[in-house]
Enquirer: 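Here it is: the structure, laid out below.
Letters A, B, ... are given to chains in the order of the sequence lines, protein chains preceding strands, and every chain is numbered from 1.
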There are 2 protein chains.
Amino acid sequence: MLKISELAAKTGLSTHTIRFYEKHGLINASERSEAGYRYYDDVDIRRAQFVKTARNIGFSLDDISQLLSIRVDKTSHSCQEVTDITQYKLDEVNARLVELQSMQNTLEILLESCCGGPENATHCSIMDALEAGDVKSTRSAA
Amino acid sequence: MLKISELAAKTGLSTHTIRFYEKHGLINASERSEAGYRYYDDVDIRRAQFVKTARNIGFSLDDISQLLSIRVDKTSHSCQEVTDITQYKLDEVNARLVELQSMQNTLEILLESCCGGPENATHCSIMDALEAGDVKSTRSAA
DNA sequence: TATAAGCTTAGAGTTAGCTCTAAGGTCAAC
DNA sequence: GTTGACCTTAGAGCTAACTCTAAGCTTATA
Ligand SMILES: [Zn+2]
Ligand SMILES: [Zn+2]
Ligand SMILES: [Zn+2]
Ligand SMILES: [Zn+2]
């Protein structure tokens with residue numbers, strides 16, 4: 001049985017974050033001392049580590065909620081449900097990648113066009129490009 | 001002279017956003033009617049379009065503040081200041097790209113490992129991987 | 001003249017995921 | 001028996017960039 005700071009040390013989550021996750025139903029302490037101290041058993045610890053791992057991959061807390069409800073009763077859930085969540089996340093990531101690559105491209109072109117020197121910016125081609133608006137839009141949803 | 005909704009139509013910003021940008025010093029209406037209505041002249045309009053363009057590229061409002069203060073007095077600012085802002089943004093974008101590519105990679109590997117079928121998730125390799133924690137961490141700063 | 005559309009303001013709410021504070025109780029060590 | 005580290009709670013604050021609301025003027029149209 002670990003106390004909260006020990007679970008924090010073990011998982012790399014802060015105690016604040018652990019309590020925050022508890023409030024959101026992601027993890028919990030199956031025991032409490034008389035004084036109200038949280039105590040985590042092996043099952044709790046594995047669940048906390050699962051959350052941390054999923055979080056590291058980039059799943060949102062909502063995604064993780066769904067994964068956890070599959071996890072507690074795997075026989076009632078299908079592989080397809082798991083891949084759906086994962087595929088949806090991948091789609092999000094890919095969409096964001098497209099945006100960022102477009103930003104990267106635009107910024108690189110801007111940087112190439114400007115001398116970057118110490119003279120004043122009256123002739124600056126980056127400023128000119130921003131002024132002219134002839135740059136492609138890279139944002140749809142941040 | 002445009003009224004706020006006309007400027008909104010012209011720039012693609014909402015009237016709310018225009019007022020929000022004004023509150024943050026990005027744009028302003030050089031005239032007001034007796035009733036207090038905002039009126040935007042050509043200079044205002046060009047500034048608003050500059051902001052929109054910079055925003056489309058992905059610059060933050062803080063970045064844009066800096067770009068605008070260069071813009072209003074280009075002789076007092078150098079190309080280097082402009083490239084510094086741009087390069088800094090590009091560095092940010094590249095850092096985020098690395099994270100997202102790592103996420104993409106991890107998610108693809110997970111998806112390949114799972115059958116995605118309708119059977120129950122007791123054998124699911126995605127769940128197993130999350131359980132084992134043997135996935136690389138993709139997040140540093142979101 | 002009445003109705004609707006549009007404008008004003010200050011300020012609150014949204015999102016996600018923490019992060020921190022205050023005020024106080026508990027526990028082990030010296 | 002008293003430090004000091006650790007625990008508890010409710011709730012506020014943070015970031016970024018909006019987004020919306022309420023309450024009340026103004027302006028254009030029919
Ligand atoms: Zn130059
Ligand atoms: Zn330049
Ligand atoms: Zn399967
Ligand atoms: Zn599976």
Side-chain angles (χ1 to χ4, degrees), chain A residues 1-29 31-40 44 48 51-52 54-66 68 89 92-93 96 99 103 137-142, chain B residues 1-29 31-40 44 48 51-68 89 92-93 96 99 103 137-142:
Chain A
M1 301 290 259
L2 303 184
K3 284 198 284 188
I4 193 166
S5 65
E6 294 165 333
L7 181 64
K10 187 145 195 162
T11 57
L13 300 166
S14 75
T15 58
H16 281 303
T17 300
I18 291 170
R19 292 195 197 94
F20 172 79
Y21 283 176
E22 179 183 307
K23 192 157 57 182
H24 290 263
L26 298 183
I27 58 192
N28 98 311
E31 277 198 46
R32 292 280 188 135
S33 75
E34 285 199 2
Y37 284 28
R38 290 169 177 82
Y39 279 92
Y40 299 91
D44 298 334
V51 170
K52 181 71 191 316
R55 197 75 195 87
N56 278 346
I57 292 172
F59 284 109
S60 70
L61 302 191
D62 260 16
D63 297 333
I64 296 172
S65 275
Q66 293 182 59
L68 286 170
K89 192 77 206 166
E92 273 182 16
V93 166
R96 187 77 181 116
E99 280 184 21
M103 280 179 61
S137 177
T138 64
R139 292 188 326 138
S140 50
Chain B
M1 301 288 259
L2 302 184
K3 283 198 284 190
I4 193 167
S5 64
E6 294 164 335
L7 181 64
K10 187 144 194 163
T11 57
L13 300 166
S14 75
T15 58
H16 282 304
T17 300
I18 290 170
R19 292 194 197 94
F20 172 80
Y21 283 177
E22 179 183 307
K23 191 157 58 183
H24 290 262
L26 297 183
I27 58 191
N28 97 311
E31 277 196 46
R32 290 280 188 135
S33 75
E34 285 198 0
Y37 283 28
R38 291 169 176 81
Y39 279 92
Y40 300 90
D44 298 335
V51 169
K52 181 71 191 317
T53 299
R55 198 74 196 86
N56 278 345
I57 292 171
F59 284 110
S60 70
L61 301 191
D62 261 16
D63 297 333
I64 295 173
S65 274
Q66 294 181 58
L67 291 170
L68 285 170
K89 192 77 207 166
E92 273 180 16
V93 167
R96 188 76 181 115
E99 280 184 21
M103 281 178 61
S137 177
T138 65
R139 292 189 326 138
S140 50

Enquirer: Is any side-chain nitrogen or oxygen of B:R32 closer than 4.0 Å to OP1 or OP2 of C:dT9?
Expert: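 Answer yes for this pair, as a side-chain N or O of B:R32 is under 4.0 Å from OP1 or OP2.
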Enquirer: Can you tell me how far apart OH (B:Y39) and NZ (B:K3) are? Round to the nearest 0.5 Å.
Expert: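 Output value for this atom pair is 4.5 Å.
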Enquirer: Over how many whole Å does the gap from A:H16 atom NE2 to C:dG17 atom P extend?
Expert: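 Those two atoms, NE2 and P, are 19 Å apart.
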Enquirer: Among C:dC7, C:dC18, D:dA17, which nucleotide sits nearest the side chain of B:Y37?
Expert: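 Shortest atom-to-atom distance from the side chain points to C:dC7.
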Enquirer: Could you give the CG-to-P distance, from B:L61 to D:dT15, as a whole number of Å?
Expert: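 Going from B:L61 (CG) to D:dT15 (P), I get 14 Å.
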Enquirer: Can you tell me which nucleotide in D:dA17, C:dG17, D:dT26 comes closest to the side chain of B:F20?
Expert: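 The nucleotide sitting nearest to the side chain is D:dA17.
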Enquirer: Is the distance from OP1 or OP2 of C:dG17 to the nearest side-chain N or O of A:Y21 less than 4.0 Å?
Expert: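 Answer is no, no contact under 4.0 Å.
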Enquirer: Is it the case that over 12 heavy atoms from other parts of the model lie below 6.0 angstrom from the CD atom of A:E6?
Expert: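 Counting neighbours around CD of A:E6, more than 12 heavy atoms of other residues, nucleotides or ligands fall under 6.0 Å, so yes.
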Enquirer: With a 4.0 Å cut-off on N to O distance, would you call B:R19 and B:E22 a salt bridge?
Expert: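 No, no charged N to carboxylate O under 4.0 Å.
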Enquirer: Under 4.0 angstrom, heavy atoms only, what part of the nucleic acid is B:Y39 near: base, sugar-phosphate, or nothing?
Expert: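 Nothing: the residue B:Y39, judged by heavy atoms under 4.0 Å, touches no strand.
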Enquirer: In whole angstrom, give the distance that lies between atom NZ of B:K52 and atom C1' of D:dC18.
Expert: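 To the nearest whole Å, that distance equals 14 Å.
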Enquirer: May I have the distance from A:E22 (atom CD) to D:dC7 (atom C1'), rounded to whole angstrom?
Expert: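 It is 13 Å, rounded to the nearest whole Å.
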Enquirer: Specify the residues of residues 2-13 of chain A, ordered by number, for which at least one heavy atom lies under 4.0 angstrom from an atom of DNA chain C.
Expert: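 Under 4.0 Å from DNA chain C: no residue of residues 2-13 of chain A.
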Enquirer: Side chains of B:D63 and B:S60 only: does a donor on one sit below 3.5 Å from an acceptor on the other?
Expert: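 Yes, because at least one side-chain N or O of B:D63 sits under 3.5 Å from a partner of the opposite role on B:S60.
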Enquirer: Rounded to the nearest Å, what distance is computed from the CZ atom of residue B:R19 to the P atom of nucleotide D:dT19?
Expert: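 It is 14 Å, rounded to the nearest whole Å.
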Enquirer: Which whole-number value in Å describes the distance from A:D62 CG to C:dA16 C1'?
Expert: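 My rounded result for the distance is 10 Å.
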Enquirer: Please state how far atom CG in A:N56 lies from atom P in C:dC18, giving the value in whole angstrom units.
Expert: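 Taking CG of A:N56 and P of C:dC18, I get 10 Å after rounding.
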Enquirer: Does A:R38 reach a base, just sugar-phosphate, or nothing at all? Heavy atoms under 4.0 Å.
Expert: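 The residue A:R38 makes sugar-phosphate contact but no base contact.
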Enquirer: Base, sugar-phosphate alone, or nothing: which one does A:S33 contact when heavy atoms must sit under 4.0 Å apart?
Expert: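 Result for A:S33 = nothing.
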Enquirer: Report the residue from A:L68, A:I18, A:D44 that forms a side chain to side chain contact (heavy atoms under 4.5 Å, CB included) with A:I27.
Expert: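 In the set A:L68, A:I18, A:D44, the residue that makes a side chain to side chain contact (heavy atoms under 4.5 Å, CB included) with A:I27 is A:I18.
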Enquirer: Just checking B:S14: base, sugar-phosphate only, or nothing, at a heavy-atom cut-off of under 4.0 Å?
Expert: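 Nothing: the residue B:S14, judged by heavy atoms under 4.0 Å, touches no strand.
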Enquirer: Has the side chain of A:K89 got a donor or acceptor atom that lies under 3.5 Å from a matching backbone atom of A:G58?
Expert: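 Checked: pair present.
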Enquirer: Would you say A:R38 and A:L2 make side-chain contact, with heavy atoms under 4.5 Å?
Expert: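 A:R38 does not reach A:L2 side chain to side chain.
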Enquirer: Measure NE2/B:H24 against P/D:dT15 and give the value in whole Å, please.
Expert: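 Between P of D:dT15 and NE2 of B:H24: 13 Å.
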